[in-house]
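Before any comments, here is the structure.
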Amino acid sequence: MLDLKLLQKNPQVVAEALAKRNSSIDVEEFTKIDTRRRELLVELESLKSERNKASGEVAQMKRAGEDASELISRLGSLSDKIKELDAETETIKAAMNEWLIAVPNIPHESAPVGADEDDNVELHKWGTKPSMTFTPKEHWEIAETMGGLDFERAAKLTGSRFAVLWGWAARLERALINFFLDMQTLEHGYTEVFPPAIVNSTTMTGTGQLPKFEEDLFRLNHKDYYLIPTAEVPLTNMHSGEVLEEEDLPRAFTAQTQCFRSEAGSYGKDTKGLFRQHQFTKVEMVRYAHPDKSYEELEDMRQHAENILQRLGLHYRVVTLCTGDMGFSSAKTYDIEVWLPGQNKYREVSSCSNCVDFQARRANLKFKRKGAKKPEFVHTLNGSGLPTGRTMIAIIENYQQEDGSIVIPEALRPYMGGLEKITPEMATK
RNA sequence: GGAGAGGUAGCGAAGUCCGGCCGUAACGCACACGACUCGAAAUCGUGCUUGGGCUUAACCGUCCAACGAGGGUUCGAAUCCCUCUCUCUCCGCCA
């Protein structure tokens with residue numbers, strides 16, 4: 001949610017910033033509603049003040065044993081008026097909130113201006129494409145001979161965009177989870193959390209999934225519950241409604257969770273293989289940052305994701321998303337795209353964003369500076385570090401051998417019981 | 001799922017039966033500052049919620065709101081009524 005004060009003072013500036021991300025607001029309409037809201041408040045509050053005074057008088061008269069019936073009957077009409085104005089104020093406040101909650105974050109000045117993903121700017125590359133003496137296959141083609149990934153049986157059990165991992169692939173999944181979590185906790189200093197995978201609508205609203213993107217979520221029949229699309233949701237809402245001390249910052253959380261996405265609107269995209277699933281595992285990083293430091297921390301977090309790919313020896317590039325390609329809550333986002341030789345493309349494996357105070361204002365996440373009277377909003381950041389499925393694709397495709405074997409990156413071997421290579425003999429059926 | 005007890009500041013807790021200067025909200029603890037002390041403890045003193053409106057360059061000031069959440073009754077609700085929610089205890093079921 002944007003700062004109401006900023007909108008009141010500089011609506012035009014906000015409108016211009018939003019235009020960069022292909023979003024627009026009606027400044028005149030906003031000013032009209034906001035002015036009316038404040039007029040109503042002034043009137044309503046003065047009436048309430050009057051009522052409070054008079055009620056005190058009634059109390060005094062009664063205590064003194066005097067007859068207050070005349071004053072009481074006069075107060076009746078005052079109360080009616082208050083009720084009426086109160087209702088009108090509530091309506092306009094609700095309209096205002098509904099409007100405000102649907103406005104995306106404004107991009108940071110360092111985010112390149114652009115219309116769509118074609119305008120994203122490459123920041124740097126790491127490593128090189130693996131040299132292969134044969135034509136590399138896509139991961140799902142390799143799985144046809146090596147097994148491990150079973151899409152037919154998943155379709156039988158559930159439907160499309162699900163996978164059964166078994167044998168070596170299930171083991172690899174588990175190894176990746178542990179490897180990622182160990183790096184985030186032991187090397188990068190994140191605190192490990194195991195949060196619920198189901199959250200309520202307030203929590204979903206805090207991070208920006210609701211109210212605008214309900215169609216991307218799985219909603220449970222039971223109550224007001226949703227399956228999380230990412231651990232960002234529970235982790236970012238962890239301290240909602242609290243006021244942290246300045247020295248509590250930064251807070252850094254990591255969690256591995258199942259992520260559930262309806263993938264509405266992506267029909268026909270990445271229909272083969274593991275790339276785009278309704279359910280996948282991801283290790284997420286979330287940071288609560290001091291507002292003065294959040295952009296430094298964004299660089300750190302991006303590095304934390306990069307470190308993992310480097311350790312796995314996977315070639316990748318980092319792009320800064322342009323204003324037109326950024327997510328709803330983000331002020332600045334880096335995407336990390338890993339090289340997939342089978343697809344002959346760079347594909348996204350991580351997205352690291354600084355949401356500044358946008359989510360903090362929604363979720364009411366505050367801290368107090370030493371010596372300050374008023375608490376202020378923290379800055380929140382989130383990044384993938386990393387998803388297991390897409391990383392597994394990258395490993396399969398980059399480490400494939402001509403005979404179908406898959407070499408296990410050295411860093412992962414301790415997590416695979418020392419196994420160096422997945423060979424055709426290990427194929428599942 | 002059934003029965004009961006609860007939700008008031010950072011924590012504990014009074015106020016609820018019987019509605020009225022009881023919301024910065026008694027009392028205790030914690031915390032911050034000051035005094036005393038060579039220093040500390042103890043003691044004494046002072047301070048200590050959040051959001052919003054008006055005003056202001058800002059401080060200040062002033063008003064409104066918040067007693068788990070939302071409704072209702074009333075001139076007036078922490079207090080009475082209804083719904084929901086969370087916590088605790090017991091029973092049932094259960095990995």
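These numbers come from a predicted model, not from an experiment. Sequence lines set the chain letters: A, B, ... in the order given, protein chains first and strands last, and positions in each chain run from 1.
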Please give, in whole Å, the distance from B:A9 C1' to A:K368 NZ? 12 Å
Output all residues satisfying ring pair (Phe, Tyr, Trp, His ring centres under 6.0 Å) with A:F162, sequence neighbours left out; order by chain, then residue number. A:H278
Under 4.0 angstrom between A:S79 side-chain N/O and B:G76 OP1 or OP2: yes
Counting Watson-Crick and G-U wobble pairs only, both distances under 3.5 Å, name the nucleotide matched with B:A58, or none. none
So, A:R261 side chain and A:L217 main chain: donor-acceptor pair closer than 3.5 Å or not? no
Please state the P separation for the pair B:G6 and B:C18 - nearest whole angstrom. 16 Å
P atom, B:G20 versus B:G15: distance in rounded Å? 14 Å
Roughly how many Å is it from CG in A:L244 to P in B:U49, rounded to a whole number? 18 Å
Please report the distance, rounded to the nearest Å, between CG in A:L47 and P in B:G76. 13 Å
Quote, to the nearest angstrom, the C1' distance that separates B:A42 from B:A35. 14 Å
Between B:A69 (P) and A:N200 (CG): distance, integer Å: 16 Å
Would you mind checking if A:K83 and A:D86 are paired as a salt bridge, meaning a charged N to carboxylate O distance below 4.0 Å? no
So A:K366, base contact, sugar-phosphate only, or nothing? Heavy-atom distance under 4.0 Å. sugar-phosphate
Could you state the CG-P distance from A:N364 to B:U49, rounded to the nearest angstrom? 17 Å
Say we look at B:C88 and B:A77: how far apart would their C1' atoms be, to the nearest angstrom? 27 Å
For nucleotides 60-66 of chain B, give me one character per nucleotide, 5' to 3': B if any protein heavy atom sits under 4.0 Å from the base, S if the only such contacts are to the sugar-phosphate, - if neither. S--BSS-
When both distances are under 3.5 Å in a Watson-Crick or G-U wobble arrangement, the nucleotide paired with B:G4 is B:C88
Are A:E263 and A:R276 within salt-bridge range, i.e. N to O under 4.0 Å? yes
Only pairs at least two apart or in different chains count here, so list each side chain to side chain donor-acceptor pair (under 3.5 Å) that has a residue in residues 174-185 of chain A. A:D182-A:Y415, A:Q184-A:H188
Would you kindly give the CD-to-P distance between A:E247 and B:A32, to the nearest whole Å? 11 Å
Check for me whether A:R287 meets the cation-pi criterion with A:F253, that is, NZ or CZ under 6.0 Å from the six-membered ring centre and within 45 degrees of the ring axis. no
Expressed in whole Å, how much space separates the C1' atoms belonging to B:C48 and B:G34? 15 Å
Rounded to whole Å, how long is the line connecting atom CG of A:N97 with atom C1' of B:G52? 14 Å
For A:I92 and B:G53, what is the distance between atoms CD1 and P respectively, to the nearest whole Å? 14 Å
Can you tell me the pairing partner of B:U16 across any strand shown, Watson-Crick or G-U wobble, with both distances under 3.5 angstrom? none
Quick one: side chain to side chain donor-acceptor pair (under 3.5 Å) pairs with a partner in residues 9-29 of chain A, sequence neighbours left out? none
Considering only heavy side-chain atoms of A:K83, the closest of B:G53, B:G51, B:U73 is B:U73
OP1 or OP2 of B:C75 sitting under 4.0 Å from any side-chain N/O of A:K81? no
Phosphate OP1/OP2 of B:U49: any A:K374 side-chain N/O under 4.0 Å: no
Mapping A:G76 and A:V42 onto RNA chain B by nearest heavy atom, which one lands closer to the 5' end? A:V42
Expressed as a whole number of Å, how far does the C1' atom of B:C11 sit from that of B:G71? 32 Å
Atom C1', compared across B:U16 and B:G7: separation rounded to whole Å: 14 Å
Could you pull out the protein-nucleic contacts involving nucleotides 17-21 of chain B (nitrogen or oxygen on both sides, under 3.5 Å)?
unit_1, atom_1, unit_2, atom_2, d
B:G20, O2', A:R63, NH1, 3.1
B:G20, O6, A:K62, NZ, 3.2
B:G20, N2, A:S55, O, 3.3

For residues 41-57 of chain A, run the donor-acceptor check on the side chains, cut-off 3.5 Å, and write out each pair with its distance to 0.1 Å, sequence neighbours left out.
unit_1, atom_1, unit_2, atom_2, d
A:S46, OG, A:E43, O, 3.1
A:S55, OG, A:R51, O, 3.2

Sorted by chain and number, sequence neighbours left out, ring pair (Phe, Tyr, Trp, His ring centres under 6.0 Å) with A:F30 holds for A:W99
Does the pair A:K293/A:E296 count as a salt bridge with the N-to-O cut at 4.0 Å? no
The complete set of side chain to side chain donor-acceptor pair (under 3.5 Å) pairs with one or both residues in residues 229-257 of chain A, sequence neighbours excluded, reads A:T230-A:K282, A:E232-A:Q359, A:E232-A:N382, A:H239-A:E242, A:H239-A:R251, A:E246-A:H290, A:E247-A:K370
Would you mind pulling out the nucleotide paired to B:C22, Watson-Crick or G-U wobble, both distances under 3.5 Å? none
In whole angstrom, give me the gap between the C1' atoms of B:A13 and B:A25. 12 Å
So salt bridge (charged side-chain N to carboxylate O under 4.0 Å, His left out) across residues 414-429 of chain A, not counting sequence neighbours, yields none
Complement of B:A65, any strand, by Watson-Crick or G-U distances under 3.5 angstrom: B:U50
Does the structure show a Watson-Crick or G-U wobble partner for B:A95, both distances under 3.5 Å? Name it, or say none. none
Base partner of B:C44, which must satisfy Watson-Crick or wobble distances under 3.5 Å: B:G34
